[in-house]
Protein chains: 2
Amino acid sequence: MRAPGGRTPQGGGGSQEPPADTAAGDAKRGDAVVRRTRGSSGKVKLDEVARAAGVSTATVSRAFNEPDKVSDEIRERVFAVANALHWIPNAAGRALASSRTHIAGAIIPTLDNEVFARQINAMQAVMAGHGYTLFIGCSNYDQAEGLKQAQAMLARGVEALAFAGERHPAELFQALKARGLPYVVTYSYRADSPHCCVGFDNKVAFRRITRHLLELGHRRFGIISQPVADNDRVEARLAGINEELADAGLAVPEGRCLIGPGTLDAGAQGLARLMDSPKADRPTAVICGNDNLALGALACAPFLGLRAPDDFSITGFDDLAISSRLSPRLTTMRVDNHAIGAIAAEKLLWSMGHKGKAAEPRELVPDLIVRDTSGPPSGD
Amino acid sequence: MRAPGGRTPQGGGGSQEPPADTAAGDAKRGDAVVRRTRGSSGKVKLDEVARAAGVSTATVSRAFNEPDKVSDEIRERVFAVANALHWIPNAAGRALASSRTHIAGAIIPTLDNEVFARQINAMQAVMAGHGYTLFIGCSNYDQAEGLKQAQAMLARGVEALAFAGERHPAELFQALKARGLPYVVTYSYRADSPHCCVGFDNKVAFRRITRHLLELGHRRFGIISQPVADNDRVEARLAGINEELADAGLAVPEGRCLIGPGTLDAGAQGLARLMDSPKADRPTAVICGNDNLALGALACAPFLGLRAPDDFSITGFDDLAISSRLSPRLTTMRVDNHAIGAIAAEKLLWSMGHKGKAAEPRELVPDLIVRDTSGPPSGD
DNA sequence: CTGAAAGCGCTTACAG
DNA sequence: CTGAAAGCGCTTACAG
């Protein structure tokens, strides 16, 4: 309610004359100083807030950044004036002076995906709660693109970085190390990883789902997977399947592990190819690298004259919203992606508060969700 | 290949002695200047590049920002040195000096959605191609949250802003106007909108899909829609349906326009409620506010003993990838979301290049995609 | 608790 | 085409 620039009636605090005038005489004399004119941004600056509130710029800055160090009365006055003047602090000035940008970055493979969208949402919320802005970059599952995004973020002065998976160019890790920049690897988790991981063990997860199928009695398996290139998570998944099968004395035959884009169509085509052999030879269980592939396969099954789980079993991974709504309901695994994002953000915040020291990794464990699409193999 | 700091053998260009030493005497004498020590960031700075290349800071800056103004020889030398030193320009310093941040912002309702993810992807690509970084913020369909995100972006110094829809607090538009900040409204388009819109006319689109159903002979309609609050797009969609029906002398009866979250479950529950009446009275056509709702309804239909299009017709909006893969394939409308994002980015870039002048709006037209789920009403 | 002023790392008007 | 230096809008070590 106090008018901007108005001094308190009490006039306390030992403040001198209003400095509004003194500031005018800032052209040094006797030195033939060349006056440059630089277009000021035209926006209200901290400087003007200070003048209007009758305090120094230091005090205005402190009122906002270290409120405890400023007397109640002055703090309130500064806030009121800043408000009245609609002052918005210039982030660049702040960053330059403090060498803190309050920006963190997250690099994910793709936005178009419930899984990563959820992680980002959570990260953003936690970061915002601590005064940090989150930069988001998409690699489109391409290592080189991911590196480019990371470099752009470094140039922007991010103070911490999160990225999905640990398969990234050595250059990235070097740059991070060189700058002592905190980072976390999200989504992936390996007990022996050199990085701070917040995620789950993809290999263990796929051993689990494979075991589920083995326990149901399946012996002939087929796989439909996303590309392995640049993707440690997919690699670990395939390894998990193969190891679990090997432990049971089994293996996926040549030509029964189909690799393609992680799309609905690839899932559909994959199933058609896997089922294109005499019934006695067909896989009875199909493990898909994610729900999307499984959903595509499921949608295609009727056209092949097949249905799960009577004619074959099939599993996904992710537990997308739609996976449990469609019929037959998909057997899959679910990860708490919101938690991954939130925890990753907390780890980063912790590191930033501890001189960049790496935070403790955190393993989340996916749940196996057995629904309609997995059952005992049909006797042939 | 040239060693950092090494001068060219030819020594051309009239360069004086290497300035490596002259730079040391920068403590002014005879003035009792107090030396402050401020932790330098520890990173390589433009200053060091200049010294190593034997040129002024101005020249280094120009070499990167206005390469034409620098001689070939010096430019190459500067590049080589900068490279060897791994110099990464400090964005804050640059922003402060030039009052250009090269940051643009985009605010969308949610990340978790093919539609917006695609727009963002396209925007980001176009922006990156022009040296701009894209800030992304999610409002979660909440006006107040959207405003908060926008304010955070202003504080970060975004030079342009894109946001979905035109239903936003007046405060937002005032702030934009006050700063002369270019912006575009994405997704929505109205011929008489005061804003630069890049999107489609939601009302016209839903008139179109309603007409399709009318032409098939439907006379009893039901609606399953997302919430109208804070959402001009949804409002326009409902208006489109109602106007088209009114033109045909029809109306959606009380209780047959169901509003809820735009989820699969809401779609399922919606269909159950709409179909909960004697067959002769049930709607024969159900218009959904988006594909997700329609997909949920479709998934639920078998449990109701119904199937489309024999027992009822149903339509969506968005043409999600899965909508055409599932059986029955959904009748829906498709918008080129990639184009919306790309064009929005170009408009913003254009505005920034033209002193913030508003760009021309651009209307995209959605395609009606007639598939399995719409057919003539079943005779009862 | 408060202020005067240097400094953060760039860009750019000015002068040559 | 190039350089010397002021200035962008803040923060903070120093001094009181």
Side-chain angles (χ1 to χ4, degrees), chain A residues 12-16 19 22-23 26-28 31 33-50 53-75 78 87-101 157, chain B residues 12-16 19 22-23 26-28 33-50 53-75 78 87-101 155 157:
Chain A
S15 54
Q16 298 86 346
T22 71
D26 71 349
K28 296 180 195 150
D31 224 18
V33 173
V34 184
R35 294 300 297 161
R36 296 284 168 69
T37 22
R38 282 212 143 202
S40 164
S41 56
K43 298 168 195 157
V44 176
K45 318 189 291 186
L46 177 145
D47 180 50
E48 301 167 42
V49 174
V55 298
S56 70
T57 58
T59 297
V60 174
S61 177
R62 284 193 205 101
F64 283 91
N65 299 322
E66 306 168 289
D68 294 343
K69 295 192 176 175
V70 174
S71 73
D72 292 0
E73 194 231 320
I74 293 197
R75 191 179 341 106
V78 168
W87 175 57
I88 298 186
N90 177 312
R94 181 148 114 108
L96 196 50
S98 65
S99 42
R100 312 259 287 109
T101 57
Chain B
S15 54
Q16 297 86 345
T22 71
D26 72 348
K28 295 181 196 147
V33 173
V34 184
R35 293 301 296 161
R36 297 283 167 70
T37 23
R38 283 215 142 200
S40 164
S41 58
K43 297 168 196 157
V44 176
K45 318 189 290 188
L46 177 145
D47 179 50
E48 301 167 42
V49 174
V55 298
S56 71
T57 58
T59 297
V60 174
S61 177
R62 283 193 205 100
F64 284 91
N65 300 321
E66 305 169 289
D68 295 343
K69 294 193 177 176
V70 174
S71 73
D72 292 1
E73 195 230 321
I74 293 196
R75 190 178 345 103
V78 168
W87 175 57
I88 299 186
N90 178 312
R94 182 149 114 106
L96 196 51
S98 65
S99 43
R100 311 260 286 111
T101 57

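Chain A is the first sequence line, chain B the second, and so forth, proteins listed ahead of strands; every chain is numbered from 1.
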Point to revise | Smallest separation among heavy atoms of A:Gly157 and A:Thr101, with atom names | key: O-OG1, 2.5 Å

Check your understanding: At under 4.0 Å, does any side-chain N or O of A:Lys45 touch on OP1 or OP2 of D:dG9?
Key -> yes

**Study point:** Nearest-Å distance for atom pair NZ/C1', residues B:Lys69 and D:dT2
**Key:** 12 Å

**Study point:** Residue met sooner reading DNA chain C from 5', once A:Arg75 and A:Thr57 are mapped to nucleotides
**Key:** A:Arg75

**Study point:** Any strand: nucleotide that pairs with D:dA4 via Watson-Crick or wobble, under 3.5 Å
**Key:** none

Exercise for review: Would you kindly give the CZ-to-C1' distance between B:Arg94 and D:dG7, to the nearest whole Å?
Suggested key: 17 Å

Practice item. Would you please test A:Val78 and A:Val55 for side-chain contact (heavy atoms from CB on, under 4.5 Å) and show each step? Key: CA-CA 8 Å; A:Val78 168; A:Val55 298; 4.1 Å; yes

Point to revise | Whole-Å distance separating the NZ atom of A:Lys43 from the P atom of D:dC8 | key: 14 Å

Exercise for review: Could you check whether B:Ser61 gets within reach of a base, just the sugar-phosphate, or nothing at all, counting any heavy atom under 4.0 Å?
Suggested key: base

**Study point:** Atom C1', compared across D:dG16 and D:dT12: separation rounded to whole Å
**Key:** 16 Å

Study note, to complete from the structure: From CG of A:Leu96 across to P of D:dG7 the rounded distance in Å is 16 Å

Exercise for review: Measure from the side-chain heavy atoms of B:Arg62 and tell me the nearest of C:dT2, D:dT2, C:dG9.
Suggested key: D:dT2

Exercise for review: May I ask you to say what A:Asp72 touches in the nucleic acid, namely base, sugar-phosphate or nothing, with a heavy-atom cut-off under 4.0 Å?
Suggested key: nothing

Exercise for review: Consider the side chain of B:Ser56, meaning its heavy atoms from C-beta on, and name the nucleotide among D:dG3, C:dT11, D:dC10 that approaches it most closely.
Suggested key: D:dG3

**Study point:** Donor-acceptor contact present, side-chain B:Ser61 to main-chain B:Thr57, <3.5 Å
**Key:** no

**Study point:** Separation of D:dG3 C1' from B:Ile74 CD1 (nearest whole Å)
**Key:** 11 Å

Practice item. Would you kindly give the CG-to-P distance between A:Leu46 and C:dC8, to the nearest whole Å? Key: 19 Å

Check your understanding: Of all heavy-atom pairs between A:Arg75 and A:Val70, which one has the smallest distance, and what is that distance?
Key -> NH2-O, 3.3 Å

Exercise for review: Measure from CG on B:Asn90 to C1' on C:dG9 and round the result to the nearest Å.
Suggested key: 5 Å

Point to revise | From CD1 (A:Ile74) to CZ (A:Arg62), nearest 0.5 Å | key: 10.5 Å

Check your understanding: Are A:Asn65 and D:dT11 close enough that a side-chain N or O sits under 4.0 Å from OP1 or OP2?
Key -> yes

**Study point:** Opposite nucleotide pairing with D:dA13, Watson-Crick or G-U, both atom distances under 3.5 Å
**Key:** none

Check your understanding: What nucleotide among C:dC10, D:dG3, D:dC14 has an atom nearest to a side-chain atom of B:Thr59?
Key -> D:dG3

Practice item. Please report the closest heavy-atom contact between A:Leu46 and A:Trp87, naming both atoms and the distance. Key: N-NE1, 3.2 Å

Point to revise | Closest to side chain of B:Ala58, choosing from D:dG9, C:dT12, C:dG9 | key: C:dT12

Exercise for review: From the options D:dT2, D:dT11, C:dC10, select the nucleotide whose nearest atom is closest to the side chain of A:Ala97.
Suggested key: D:dT11

**Study point:** Interatomic distance where CZ belongs to B:Phe64 and P belongs to C:dC10 [whole Å]
**Key:** 11 Å

Review point. Which sits closer to the 5' end of DNA chain D, A:Glu66 or B:Ala95, going by the nucleotide each is nearest to?
Key: B:Ala95

